[in-house]
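Take a look at the structure below.
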Amino acid sequence: MSAISAPVQQVLQARQDATQTKIDVALLGKQLDVQQQTGDAINQMIREVVDVQTQISQGHIDVRA
């Protein structure tokens, strides 16, 4: 038999669940930030490809170092 009463155990479990939920939400926020950065990088690469293709179609290309 446990020394902690059932109502106290329920409160402790609820607090633990709330803490875990906060952790999960924070991790999901971080993952969303990474996905946003990845999407931004992909969009930038696409813009650069379009720029190069436009330059090539005009008969020249500017090379940046």
Notebook entry, point to check: Around atom CZ of Arg15, are there more than 12 heavy atoms of other residues, nucleotides or ligands at under 6.0 Å?
Noted result: no
Check: Would you say the side-chain atoms of Gln55 and Asp51 include a donor-acceptor pair closer than 3.5 Å?
Finding: yes
Notebook entry, point to check: From Gln35 CD over to Ile42 CD1, what is the distance, rounded to the nearest 0.5 angstrom?
Noted result: 10.5 Å
Counting only pairs under 3.5 Å, give me each side-chain donor-acceptor contact of residues 26-33, with atom names and distances, residues two or more places apart or in other chains.
none

Check: What's the spacing between Gln13 CD and Gln20 CD if we round to 0.5 Å?
Finding: 10.5 Å
Checklist line | Value rounded to 0.5 Å, distance of CD in Gln16 from OG1 in Thr21 | finding: 10.5 Å
Item checked: Rounded distance (nearest 0.5 Å) linking atom OG1 of Thr54 with atom NE2 of His60 -> 9.5 Å
